[in-house]
Engineer: 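Once you've had a glance at the structure underneath, I'll fire off some questions.
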Amino acid sequence: MDEPRIRLYGSADEVTIAANAAGLRELAERLLGLADPELRDGYHQHLDAGINLEEGSINLILERDDKVW
């Protein structure tokens, strides 16, 4: 399987997440993990440019917020 590759970029009113298939699977797994009923509100994960994301990406925080409606 390919190495996950994820790139984020955007403007003031739009964000694009571009990823290969392995990268999309990784994002899906992270989101499913955040939806786990055992986790509490406020749990979050950081994805950082050059570490989890491709160089030149903007950083991303995935956060569980049970108050969002």
Side-chain angles (χ1 to χ4, degrees):
M1 178 163 39
D2 292 335
E3 179 180 333
R5 301 183 77 79
I6 306 166
R7 184 168 51 104
L8 269 73
Y9 57 93
S11 63
D13 61 350
E14 181 175 84
V15 174
T16 299
I17 300 172
N20 64 2
L24 291 171
R25 281 190 288 279
E26 181 175 324
L27 284 172
E29 289 169 7
R30 287 175 179 264
L31 291 170
L32 285 170
L34 285 170
D36 186 317
E38 298 295 315
L39 292 182
R40 66 187 191 292
D41 183 48
Y43 186 83
H44 63 279
Q45 297 182 16
H46 292 257
L47 287 87
D48 299 313
I51 300 172
N52 313 96
L53 305 173
E54 295 291 299
E55 285 291 337
S57 293
I58 57 174
N59 295 332
L60 174 66
I61 299 172
L62 301 172
E63 180 180 7
R64 178 168 179 159
D65 184 346
D66 294 331
K67 295 179 279 309
V68 172
W69 46 275

Engineer: Rounded to the nearest 0.5 Å, how far does CZ of Arg64 lie from CG of Asp41?
Structural biologist: 7.5 Å
Engineer: Rounded to the nearest 0.5 Å, what separation is found between the CD1 atom of Ile6 and the CZ atom of Arg25?
Structural biologist: 11.0 Å
Engineer: Which heavy atom in Leu39 sits nearest to a heavy atom in Gly33, and how many Å separate them?
Structural biologist: CD1-O, 3.0 Å
Engineer: What's the shortest heavy-atom distance between Glu63 and Gly42, and which atoms?
Structural biologist: OE2-CA, 4.1 Å
Engineer: To the nearest 0.5 Å, what is the distance between CG (Asp48) and CG (Leu60)?
Structural biologist: 9.0 Å
Engineer: Enter the distance from Leu31:CG to Asp36:CG here, rounded to the nearest 0.5 Å.
Structural biologist: 13.0 Å
Engineer: So which atom in Gly50 and which in Glu55 form the shortest heavy-atom distance, rounded to 0.1 Å?
Structural biologist: CA-OE2, 3.2 Å
Engineer: Which value, rounded to the nearest 0.5 Å, describes the distance between Asn20 atom CG and Glu3 atom CD?
Structural biologist: 8.5 Å
Engineer: So, taking the atom named NE2 in His46 and the one named CG in Leu62, what distance separates them when rounded to the nearest 0.5 Å?
Structural biologist: 9.5 Å
Engineer: Check step by step if side chain to side chain contact (heavy atoms under 4.5 Å, CB included) holds for Arg30 and Asn52.
Structural biologist: CA-CA 12 Å; Arg30 287 175 179 264; Asn52 313 96; 3.6 Å; yes
Engineer: If hydrophobic clusters are built by linking Ile, Leu, Val, Met, Phe, Trp and Tyr wherever their side-chain heavy atoms come under 4.5 Å apart, do Ile58 and Leu53 end up in the same one?
Structural biologist: yes
Engineer: Applying side-chain contact (heavy atoms from CB on, under 4.5 Å) between Leu8 and each of Leu47, Ile17, Asn59, report the one that passes.
Structural biologist: Ile17
